[in-house]
Novice: 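The structure follows.
In what follows, chains are A, B, ... by sequence order, proteins preceding strands, each numbered from 1.
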There are 2 protein chains.
Amino acid sequence: MKVIGEKINGTRKRVKEAVLNRDTAFVQQLAADQAAAGATWIDVNAGTPADREPDDLVWLVQTVQAAVDKPLCLDSASPAALAAALPEVKQPPLINSISGEQARLAGVLPLAARAQGGVIALAMDDKGIPTTAGGRLEIVRRLVGLTREAGIPDEQVYVDPLVMTIGASGDAGRIALATVRAVKAEFPQVHFTSGLSNVSFGLPTRSLINRAFLTLMLEAGLDSAILDPLDIELRRAILAAEAVLGIDRYCLNYTRAFRAGLLE
Amino acid sequence: MKVIGEKINGTRKRVKEAVLNRDTAFVQQLAADQAAAGATWIDVNAGTPADREPDDLVWLVQTVQAAVDKPLCLDSASPAALAAALPEVKQPPLINSISGEQARLAGVLPLAARAQGGVIALAMDDKGIPTTAGGRLEIVRRLVGLTREAGIPDEQVYVDPLVMTIGASGDAGRIALATVRAVKAEFPQVHFTSGLSNVSFGLPTRSLINRAFLTLMLEAGLDSAILDPLDIELRRAILAAEAVLGIDRYCLNYTRAFRAGLLE
């Protein structure tokens with residue numbers, strides 16, 4: 001499973017301060033730590049007000065790229081910020097994200113098509129997040145139609161099935177799993193990604209829930225996730241699930257991680 | 001998920017000594033600890049030579065029942081030992097196990113039919129364990145035909161899909177999962193059980209693998225397992241998986257376990 005390192009996110013107070021104060025060392029350390037822990041992409045989210053987000057996102061892109069040789073995940077709902085950041089990237093980036101929401105589609109889809117790195121597609125539209133896998137599949141079907149029209153090949157689309165908190169609805173986990181399975185059956189080239197923060201919201205010992213969810217999502221077909229690559233328990237859970245599922249051939253990654261002292 | 005407490009097993013050296021020496025206190029402590037940790041059944045396996053196994057199994061049954069008010073899982077391939085132990089049980093026991101092996105079927109099936117507590121049915125026969133889910137399903141189909149003929153209702157059959165070590169075959173985990181799904185689709189009333197020791201054999205940090213496997217098997221339909229109920233990490237993994245899958249309605253067991261200090 002590929003990892004989108006989530007830590008450089010301006011919705012976190014300490015990161016927002018770093019963005020506002022142009023704290024290069026702090027941001028570069030977060031980038032370097034995540035890269036060293038195996039992140040495939042480094043997510044950058046400025047999380048600052050609209051009028052300054054383009055400048056802040058450009059600064060983040062330049063700052064992170066000066067520290068690590070990794071593609072970025074440009075995490076913004078603002079077409080202006082994305083348009084400002086895109087000319088600065090050194091490697092084709094993931095764009096986070098489009099959805100069935102009209103405004104988002106109109107603003108972000110053309111940029112994603114130009115970037116040609118990949119685009120995260122959320123299974124929701126202007127009416128919200130459907131409560132059934134079938135409803136989410138329908139939105140994804142529409143989105144994949146649009147990404148194809150825009151010239152984005154399916155293998156550059158990363159569907160996020162979206163997961164609600166299981167504390168509010170007992171079906172939330174199963175709906176996310178079913179969405180991945182349904183989308184995968186219909187669009188075998190499409191990739192998947194998911195965040196973990198919603199599933200365990202409001203519950204104690206959230207990391208336990210997050211690990212179980214990630215393990216199950218891996219079997220359903222999830223092949224990337226937005227998470228903290230420094231969370232060693234999550235990494236162990238991924239390694240174990242990939243070994244059990246034969247994704248990790250001959251358990252090579254698992255035994256290598258053991259020899260590196262990562263398993264205990 | 002229901003748990004068959006595995007600890008009173010004479011193939012473990014310390015338990016075998018206790019059986020041979022009639023160490024009542026040791027065996028009763030194992031029984032009480034497992035019952036307190038939530039085991040639904042207490043497995044009893046004498047693990048002694050054929051000529052004394054009937055006596056030893058009877059002693060185990062009497063000794064465990066004097067300590068805990070739980071049904072037993074009579075774990076023996078010997079019809080003589082099972083026949084001796086059955087009249088001693090106070091609650092309908094699980095019989096562990098039948099398989100497609102002719103000798104085992106002939107000897108154990110009539111006893112299981114009489115016991116009416118439940119019978120574990122291994123997905124193997126005289127030719128061994130099929131390497132495909134389809135091959136295992138075929139054996140289960142034959143076995144369920146026989147248990148029905150013997151008057152055992154499907155809901156008293158506990159299919160063990162059998163899992164090989166993933167260290168030897170990358171498909172081993174997926175085959176076990178696929179077997180559960182295939183059997184469940186064809187026989188919706190049947191229950192499932194599985195041991196964990198094979199899946200991780202030969203790999204380091206086996207408990208990590210066992211937890212991932214159990215999490216995935218739960219989603220496939222596994223509703224009981226033979227394991228050490230005192231293994232707190234396994235219990236946490238089960239609690240988390242059941243919460244994510246909505247098996248644990250409103251996450252009640254999960255939050256209760258948290259309040260009891262079991263989650264960390």
Novice: With sequence neighbours excluded, tell me which residues meet side-chain contact (heavy atoms from CB on, under 4.5 Å) with B:Ala225.
Specialist: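 Counting only residues at least two positions away or on another chain, B:Ala225 forms a side-chain contact (heavy atoms from CB on, under 4.5 Å) with B:Met1, B:Leu214, B:Leu222, B:Leu227.
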Novice: For the CZ atom on B:Phe26, are there more than 12 heavy atoms of other groups (residues, nucleotides or ligands in this structure) within a distance under 6.0 Å?
Specialist: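 Yes.
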Novice: Pick one of side chain, backbone, both or neither for B:Leu218, based on which atoms fall under 4.5 Å of a heavy atom in chain A.
Specialist: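 B:Leu218 has no heavy atom closer than 4.5 Å to chain A.
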Novice: Is it the backbone or the side chain of A:Ile247 that comes under 4.5 Å from a heavy atom of chain B, or both, or neither?
Specialist: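 Answer is side chain: those atoms of A:Ile247 sit under 4.5 Å from chain B.
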Novice: Looking only at non-hydrogen atoms, find the nearest pair between A:Ala243 and B:Ile209 and report the distance.
Specialist: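 In this case the closest contact between A:Ala243 and B:Ile209 is CB-CD1, 3.8 Å.
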Novice: Got B:Leu216 and A:Leu216 here, is their nearest side-chain heavy-atom distance under 4.5 Å?
Specialist: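 With C-beta onward as the side chain, the pair touches.
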Novice: So which of A:Ala257, A:Ala168, A:Gly167, A:Ala240 has the largest heavy-atom pair count under 4.5 angstrom toward chain B?
Specialist: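 Of the candidates given, the most pairs with chain B belong to A:Ala240.
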Novice: Who wins among A:Gly170, A:Ala212, A:Pro204 for the most heavy-atom pairs under 4.5 Å with chain B?
Specialist: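 The candidate making the most pairs under 4.5 Å is A:Pro204.
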Novice: Every donor-acceptor pair from chain A to chain B under 3.5 Å, please, each on its own line.
Specialist:
residue, atom, partner, partner atom, Å
A:Arg174, NE, B:Leu245, O, 2.9
A:Arg181, NH1, B:Glu219, OE2, 3.1
A:Arg181, NH2, B:Glu219, OE1, 3.3
A:Pro204, O, B:Tyr254, OH, 3.0
A:Thr205, O, B:Tyr254, OH, 2.8
A:Glu219, OE1, B:Arg181, NH2, 3.3
A:Glu219, OE2, B:Arg181, NH1, 3.1
A:Leu245, O, B:Arg174, NE, 2.9
A:Tyr254, OH, B:Pro204, O, 3.0
A:Tyr254, OH, B:Thr205, O, 2.8

Novice: Give the intermediate values and the outcome of side chain to side chain contact (heavy atoms under 4.5 Å, CB included) for residues B:Val244 and A:Leu177.
Specialist: CA-CA 10 Å; B:Val244 169; A:Leu177 293 165; 5.6 Å; no
Novice: If you count every heavy atom of other residues, nucleotides or ligands that lies below 6.0 Å from B:Phe201 atom CZ, does the total exceed 12?
Specialist: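 Not buried by this count: 12 neighbours or fewer within 6.0 Å.
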